[in-house]
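Before any comments, here is the structure.
Residue numbering restarts at 1 for every chain, and letters A, B, ... go by the order of the sequence lines.
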There are 2 protein chains.
Amino acid sequence: MPLTPDRSLIAKIDLFSGLDADALDDVVRRGHTRRLPKDMQVLVQGDPATTCHAVIDGRIKISQTTPDGGQVVLRYLGPGEMYGTLAVLMGIPLPADAIAVVDSVEIYWPAAAMADLIERHPKIALASSRLAGGRLVDLQTRLREVTTERVEQRLARTLLRMLGQAGRRTAEGVEIDFPITRQELGEMIGATLHTVSRTLSAWEEHGIVESSRRRIVVRDPDALAAIAEEPRPPAAAAP
Amino acid sequence: MPLTPDRSLIAKIDLFSGLDADALDDVVRRGHTRRLPKDMQVLVQGDPATTCHAVIDGRIKISQTTPDGGQVVLRYLGPGEMYGTLAVLMGIPLPADAIAVVDSVEIYWPAAAMADLIERHPKIALASSRLAGGRLVDLQTRLREVTTERVEQRLARTLLRMLGQAGRRTAEGVEIDFPITRQELGEMIGATLHTVSRTLSAWEEHGIVESSRRRIVVRDPDALAAIAEEPRPPAAAAP
DNA sequence: CGCCGGGTTGAGCTGAGTCAATCGACGTGG
DNA sequence: CCACGTCGATTGACTCAGCTCAACCCGGCG
């Protein structure tokens with residue numbers, strides 16, 4: 001993994017989509033690339049937002065810590081996704097922590113550089129609006145899910161989503177290509193690691209998934225989709 | 001309530017804060033004011049976003065309908081608050097319904113007019129970023145609450161919040177100045193009307209609130225605050 | 001080779017949901 | 001002005017999803 005990324009990577013970042021080659025060069029020139037060792041905490045919730053980050057390689061976990069020590073995992077980011085950016089553009093303190101879950105590489109821009117870039121390439125401002133809009137819709141969706149759906153459905157939906165953005169085809173099925181614990185899965189859906197473990201075990205019985213330490217392979221995505229859509233009560237069986 | 005609002009009202013709208021008198025006149029000139037009868041549905045979830053709205057007087061409910069008919073209430077808006085706006089600026093379909101819960105008055109701007117205004121008064125674009133940022137933080141907070149707190153705490157928090165933005169002092173305490181049902185309260189916090197009813201009844205026993213049909217008076221906000229902060233289990237009493 | 005982080009699983013417990021019946025306050029039309 | 005219908009609220013009885021508590025297992029890693 002070279003530390004000097006070419007334009008092709010940057011062009012895929014949604015915030016910079018639609019920029020021409022010169023503009024992209026400009027963007028790359030103002031950014032700093034660096035390695036993030038596994039477990040490194042990149043951003044701290046509550047700190048002032050001074051840098052915009054984009055993942056080049058690896059995986060970053062965005063999570064919130066509650067006043068009483070609980071954790072809520074908001075999302076996992078892969079190559080091409082940005083973080084810390086909206087807080088910078090909106091002038092608010094960082095709303096969450098960011099931690100590398102595997103060795104990763106990122107590129108980041110100081111707030112001032114980003115401000116310059118936006119001034120020179122106004123398309124970026126537009127893109128950031130769309131970015132914020134998408135995030136808003138995502139959060140509303142999750143809020144709705146968490147208040148109206150059962151744990152099993154939320155877990156199914158979450159796994160499917162993760163397959164979409166971090167799925168790697170293997171002989172066995174589709175594998176989530178970064179390590180994740182039951183605990184973290186629980187924090188994503190608002191459940192305990194126990195319930196997650198039980199649910200995964202049950203699914204494993206039915207051959208829907210296959211899992212081991214920090215590793216999950218989905219064998220039957222369709223079955224998961226069916227579970228996600230399942231209506232209220234699974235209905236009682238005949239006696 | 002006159003149908004031609006003066007600048008003083010508009011100046012209080014966060015999206016237009018910081019504009020000078022001329023700019024405000026410009027804003028008012030491009031807007032259309034109208035009455036909204038109680039129960040009128042102003043915006044429909046999923047429709048394209050073509051108008052920006054600001055409440056002048058009254059109260060608007062923003063809610064989402066789930067695929068299977070459930071409702072999630074996102075927020076209640078009072079005078080000076082905007083809705084539909086971010087969807088317009090971000091070019092996304094309306095993410096929620098908007099309904100007048102009492103007879104209300106609003107001012108609205110067609111998307112094109114708003115685009116003009118932003119071009120002539122770039123401060124508006126900045127303010128909209130802050131607006132979106134605030135909304136993002138709110139949603140994250142609610143997501144965290146709904147996954148980590150119990151119904152009683154969420155209800156307490158929600159009532160306190162509503163007091164802040166719609167509380168009216170009375171002899172008995174602070175009253176929520178618009179009608180709201182147990183059902184709607186439930187939809188705000190992700191609970192059933194039954195649980196809400198039981199909780200309110202219990203609080204009424206303790207003299208914390210007083211409630212009747214579609215009406216809620218908080219007698220002891222401090223007690224609510226205490227409940228909202230309460231840690232995990234209230235702990236068993238000594239035998 | 002012993003420890004520790006992660007996972008599994010059983011046995012309760014309980015917060016909150018479901019089902020169901022009843023009640024009271026409005027509003028409305030005869 | 002009163003009778004009725006409707007909408008919201010209350011309350012009891014029961015159920016159950018998911019949590020807590022707890023014991024135990026397993027496989028790396030130092």
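- With values rounded to the nearest 0.5 angstrom, Ile208(B) atom CD1 is found 6.0 Å from Leu224(B) atom CG.
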Stepwise side-chain contact (heavy atoms from CB on, under 4.5 Å) check, Ile60(B) with His53(B): CA-CA 11 Å; Ile60(B) 306 291; His53(B) 304 249; over 6 Å; no
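- At whole-Å resolution of the value, CD1 in Ile216(B) and C1' in dG8(D) are 12 Å apart.
- Residue Trp203(B) contributes atom CH2, which lies 17 Å from atom C1' of dA9(D) at whole-angstrom precision.
- Atom CZ in Arg154(A) sits roughly 14 Å away from atom P in dA17(D) (whole-Å rounding).
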Hey, can you pull the donor-acceptor pairs under 3.5 Å for the side chains in residues 134-142 of chain A, sequence neighbours left out?
residue, atom, partner, partner atom, Å
Gln140(A), OE1, Gln64(B), NE2, 2.9
Thr141(A), OG1, Val137(A), O, 2.8
Arg142(A), NH1, Leu74(A), O, 2.4
Arg142(A), NH2, Val73(A), O, 3.2
Arg142(A), NH2, Met188(A), O, 2.8

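- The distance from atom CD of Glu187(B) to atom C1' of dA16(C) is 16 Å, rounded to the nearest whole Å.
- Between the side chain of Arg157(B) and the backbone N or O of Ala228(B) there is at least one donor-acceptor pair closer than 3.5 Å.
- Residue contacts shown for Gly186(A) are absent, as no nucleic acid heavy atom lies under 4.0 Å away.
- Side chain of Glu172(B) to backbone of Val217(B): no donor-acceptor contact under 3.5 angstrom is found.
- The distance from atom CD1 of Ile189(A) to atom C1' of dG18(D) is 11 Å, rounded to the nearest whole Å.
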Heavy-atom protein contacts under 4.0 Å, nucleotides 5-11 of chain C, coded B base, S sugar-phosphate only, - none: BSSSBBB
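- Interatomic distance, Leu15(A) CG to Leu131(A) CG, rounded to the nearest 0.5 Å: 6.5 Å.
- Separating the CZ atom of Arg150(A) from the P atom of dG18(D) is a distance of 6 Å, rounded to the nearest angstrom.
- Contact annotation: Thr192(B) does not reach the phosphate of dA16(C) (side-chain N/O to OP1 or OP2, under 4.0 Å).
- One interatomic measurement links the two molecules: CG of Leu185(A) to P of dG18(D), which rounds to 15 Å at whole-angstrom precision.
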